[in-house]
Amino acid sequence: MARYDPKSAEPRQQARWAEARAFVTPDHDTGRPKYYVLEMFPYPSGNIHMGHARNYVMGDVVARLKRAQGFDVLHPMGWDAFGMPAENAAMERGVHPGDWTWSNIATMRDQLKLLGLSLDWSREFATCDPTYYGKQQAWFLELFSRGLVYRKDGVVNWDPVDNTVLANEQVIDGRGWRSGAVVEKRKLNQWFLRITDYADDLIEGLGELERWPDKVRLMQENWIGRSKGLKMTWRWIGDAPAEAPEGLEVYTTRPDTLFGASFMGIAPDHPIAKALAEANPEVAAFVAECRKGGSSQADIEQAEKIGWNTGLRVRHPFDGREVSVWIANFILSEYGTGAIFGCPAHDQRDLEFAEKYGLPVIPVVRPEGAGDDFVVSGEAYVGPGRLFHSDFLDGLEIEAAKAEAIRRIEGMGQGQGATIYRLRDWGVSRQRYWGCPIPIIHCQACGVVPAPADQLPVELPQDVTFDVPGNPLERHPTWKHVACPSCGGEATRETDTLDTFVDSSWYFARFADPKAAEPINAAAAARWLPVDQYIGGVEHAVLHLLYARFISRALSDAGLMNVREPFAGLFTQGMVVHETYKTTDGKWVEPADVDLITEGGQRRAVRLSTGEALTIGDIEKMSKSKKNVVAPQDIIDAYGVDAGRLFVLSDSPPERDVQWTTGGVEGASRFVQRVWAEFDGFDADAPADAAQAESLVRETHKAIKAVTDGVQGFRFNAAIAKLYAFLAVVKAHDRAGGAARGEALSALARLIAPFTPHLAEEGWARLDHTGLILDAPWPEYDPKLAADDAVTLPIQIGGKRRSELVMPRGADPAEVEAAALADQAVQAFLSANGLSVKKVIVVPDRIVNLVAA
RNA sequence: GCGAGCGUGGCGAAACUGGUAGACGCAAGGGACUUAAAAUCCCUCGACCUCGGUCAUGCGGGUUCGAUCCCCGCCGCUCGCACCA
C-alpha cells in the first residue's frame, strides 16, 4: 500500500481538468439553474499570499458544491490592475507600471493555478487592459450625458505621500487608506459621481439583502447617514450680511427644542465667517485657531469648544427673542447647512459651549415626574419626556412636538422638513498615470466636451517618466494635446484618471461576457447576474461594496444593465494570522527559522539558524514587515495543496481569523493520507457482516446530511470536523463488506471533493468510477436510511443527568415515562435522597426529565 | 461618546430552533512497532476530591422541568463610526 503522493497526484488531476475544459462555463442556456460565485478579485501585487488562498478556496468550495448539485456555475477570475503600487515600483526601480503589473499577473496566475481552483480562466481580464477600461469610458460618458458625472471646485482630501486626492471613504482616522499619511484639505477642481442621488435607494435596497451580514448593512446605512429634521431660516436683526441676505439657515433634528435656543453657531469656514475673517484680522486669527488640532480620536475628545461672538443677531421665530451668532470650532461646514441653533439643555456639545461662554441654558423637555424647577447643568438631558417652557408645545411628547414645530415654521414660510445625508458625492479624479483616463476634452471655446465614441478607448501613453513627482500625463509632451471634437480647435485632454474603485464597481457584470462590444452584454448579464455568492474582506464594507451598488443602479437606469443589486449573497471572510517571533534585540524572525518547544507546559521558541532564544509575540495578520508570513507555495511543496486547502478552512469559522500553525497543516496532511489509505485498501468483493453493513449505511447518510448542511451554511470548519469523524467511522466498519463500504467511500470522496478535489479524484478513480468526480452528482441524503432504530435518552432528575435509557425510535411517551421510572439508577438516586417524582417531562426521542421533591 | 459583535479546556473550536457541554483538530502524557529516531498505529487528556460524586460555558441576578443558547445588570476584548446638530 503506497502513501498518497500529492506531488504526482495534484498535477495529474489538474491536467485532467484542463484537458476536459471542465471549468469553462457554457455561454448558452443549458436549462440548468445558474449560480454565480465570485471572490473579490485581487490587486496584482506580486504574489498570492495565504489570505488570497483562503478567500479563493472558500469560493471554490461553494463553486464545486453548486456544480455537483446540478447548477451551471460561473466562477471567473480577473485582476484589479490599476493603482499606486505600480507607479511606486516605477519610481523606485524605473520599470514601467504596465510591465510591472503584467509580469505580476503572470506570476500570480501561475500561483493561483496551483491551488486547483475551479476557475473559468477563459473569462480572465485585467482592468488595466484598454479593452476593459475603454468600455468603462463608454459608460462613464453615458452617465455624463445623464448628469450623473459633474465637475466642481471642492475642498478635497489630499494625500501628500501618494500625491493624489482621496474619496471620503478612503480616509481612515484622518489618514490615507493606502499611504497612512495625514490627509490635508485642498481646493481642487474635481470630477464627481452623483452617488447622493441614490442615497435613499441605497438605504432601501439594504432591506432586501437578506444574505448579507447585518454588520455590513448597518455600516452602509450609517455611512449614508440619513437623518430627518428641519431646515429653517432665522431672520436678521439689523443689517443682513451679504452672504445670507434672507437670514441664517440652519438644520436641526430637534425642532421640538426650539424654545431652548440660546445661541446660533456657524462653522469657521461658513461663508459668513469667511467674510468676517477677511474684514477683521482678529476673526481671521480665531478661524485659524479653529483649524488647528487633528481629527484623530484623541484630538477630538480633548478639543475644547471655542467660539467667537460675531455681534450678528437673529430673531427667534416663535418668541421674538434676540439670539447672538457665534463662530464655533465644533460645527462642521460639510454637514447640514454648516450652521446650527444651540440648545444647551438638550445637546452635550451646545451645553459645554454655553457653560464656557455664560450663555443661558433653558430646559424645554423634562422627564416623567420632573417639575417646573427641572434644570440642566453639566450633562445635557437627551432622554424622553414632555415639553415645557415652550408655549404652544407645552405638554407634548418629543415626536409630536417636532411635528408641530415643523408645521408652524412651514406655515411661517421660514423653512421646511428636510432629510439630509452624511454621504457625499464620490470624488473620482486622481492625479495619477496608472488609472483609467477620464475621456473628456477641455476646449477653450466649447468647454467640457466628451471624447467621441469612435475615439474610445482613450488609451494611456506608453512613454512616460516618473523621475519627478506629479502626474506624468500632465507633463507628457503630446498626449493631452488634441483637436476639439466639437469645433476642431486646439484643446487638451483631461489628465486626471479615475479612482480604481470605479474599475471594480462593475467588473462582475463584465465577466458575464468579457469580450462583448458593449460594456455589458445584456443577454449574458440577464443570465448570470446578480452574483449569487460574493466573498471578500469586510474592509470593503463601505468602499467597493457601496460603489458597486451605486454603479449597478446608475447603469441600470441608463439601460446598460438590468440588476440594481449586484450581490445577492455576501460573505466576509476572516484573515490568516500567525504568531510573531522576535530576537532579544527586537528583530522579527520568520516562522521557517523558528523551532517551538513545549516543556513542562511552557512554550518557548528557539531560532534554528543561531540557536538563540526568541520572544513569542502577538498573533497578527500575516505581513512582510513582521515576517510572520507563510507562502502558499512552500505549503504546497511540503504537504500538497489539498492539505493546505483543508487546513485554512478547518480550524476556525470562515468569518473569523484563522491562525496558521505548522501542527495544524500537518494534521490536515495526515487526514489526507488516512483518507487515501481507506480508498487504497478498498476491496469490492469483501464479505459483509450484516450488522456492520447496516450501521455503516446509516452513518454514511448521517454524514451526508451533516457535511451538506455545514458547507451550505458556510460552516466549513464544522463540515470538515464531520468529515474527520466520518473517516473514523468508515475505518471502524472494516467488516461492513464491499457494497456498504463502496457506498460509504463513494460518498466520502464526493463530500471531500470541494475541499480536497485532487484527492477526491484519485479516490474516485481508485474506486473504479469512470469519468471525473467533478461530474458526479452530490450524494443524496435519505432520512429513512439515516434514522436509528433505537435512541439513547438521557434521564435527568431536576435538570441533572442521572441515567440513560435505550428506547425504540418514536416510542410512546407513556412507555418512555414508565421505563424511566423503573430505571434502577433512578430508583437508587430517589431513595438515597428521599425524593419522590412529582412530574415527568418527556421530549420524544430526546430526553426525559423527572421533577422530584 | 454612539453602534455592532464576541467572552466555552493548555490552544483553535463544536453544540442546527432551550434538551447528555467540550465533537473535530493542535499541543501534552502513556503505550505498540524500531538497535534507536522519524513516520505510523492505539490509549489518556476541563477542574477538584474519599472513584462515587461535586463544581464547571466572563461575573451577578431572573425566566424555565431543563439555559452556552432567552431576559435584566455588570466586567473584559474586538470591530465600525465619530464634535453629523
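A, B, ... follow the sequence lines: proteins, then strands. Residue 1 opens every chain. Note: hydrogens, waters and symmetry copies are ignored here, and every other heavy atom, side chains too, is used.
When distances are taken from the side chain of A/Asn222 to each of B/A13, B/U54, B/G3, the shortest belongs to B/G3.
Ring planes of A/His346 and A/Tyr381: perpendicular class, angle over 60° (limits at 30 and 60°). By the 30° and 60° cut-offs, the orientation of the rings of A/Phe679 relative to A/Trp676 is perpendicular.
Counting to the nearest Å, the P atom of B/C83 and the CD1 atom of A/Ile306 are 15 Å from each other. Distance CZ (A/Phe353) to P (B/C83): 17 Å, rounded to an integer number of Å. A/Leu423 has its CG atom 14 Å from the P atom of B/C81, to the nearest Å.
An OP1 or OP2 oxygen of B/G5 is reached within less than 4.0 angstrom by no side-chain nitrogen or oxygen of A/Arg656.
Counting only N and O atoms by type, the side chains of A/Tyr335 and A/Ser227 include a donor and acceptor under 3.5 Å apart.
At the heavy-atom level, A/Arg226 lies nowhere under 4.0 Å from the strands shown.
Counting only Watson-Crick or G-U wobble pairs whose defining distances are both under 3.5 Å, the stems of 3 or more consecutive pairs in RNA chain B are B:1-7 with B:75-81, B:10-12 with B:24-26, B:28-32 with B:40-44, B:46-49 with B:52-55, B:58-62 with B:70-74.
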Base-contact (B) and sugar-phosphate-only (S) positions in nucleotides 15-30 of chain B, heavy-atom cut-off under 4.0 Å, - elsewhere
----BB--BSSSSS--
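Nucleotides B/C69 and B/A15 place their C1' atoms 10 Å apart, quoted to the nearest Å.
When the nearest nucleotides of RNA chain B are assigned to A/Leu850 and A/Phe829 by heavy-atom distance, the more 5′-ward of the two goes with A/Phe829. For A/Ser652 and A/Phe330, each mapped to the nucleotide of RNA chain B holding its nearest heavy atom, the one lying further toward the 5' end belongs to A/Ser652.
Glycosidic torsion of B/G9 falls within 90° of 0, placing the base in syn.
For NZ of A/Lys621, the number of neighbouring non-hydrogen atoms (other residues, nucleotides, ligands) closer than 6.0 Å is 12 at most.
Residues satisfying the ring-ring contact (aromatic ring centres under 6.0 Å, His included) test with A/Phe330, not counting sequence neighbours, are A/Phe353.
Geometric assessment of A/Arg422 against the ring of A/Trp223 yields a positive cation-pi assignment under the 6.0 Å and 45° thresholds.
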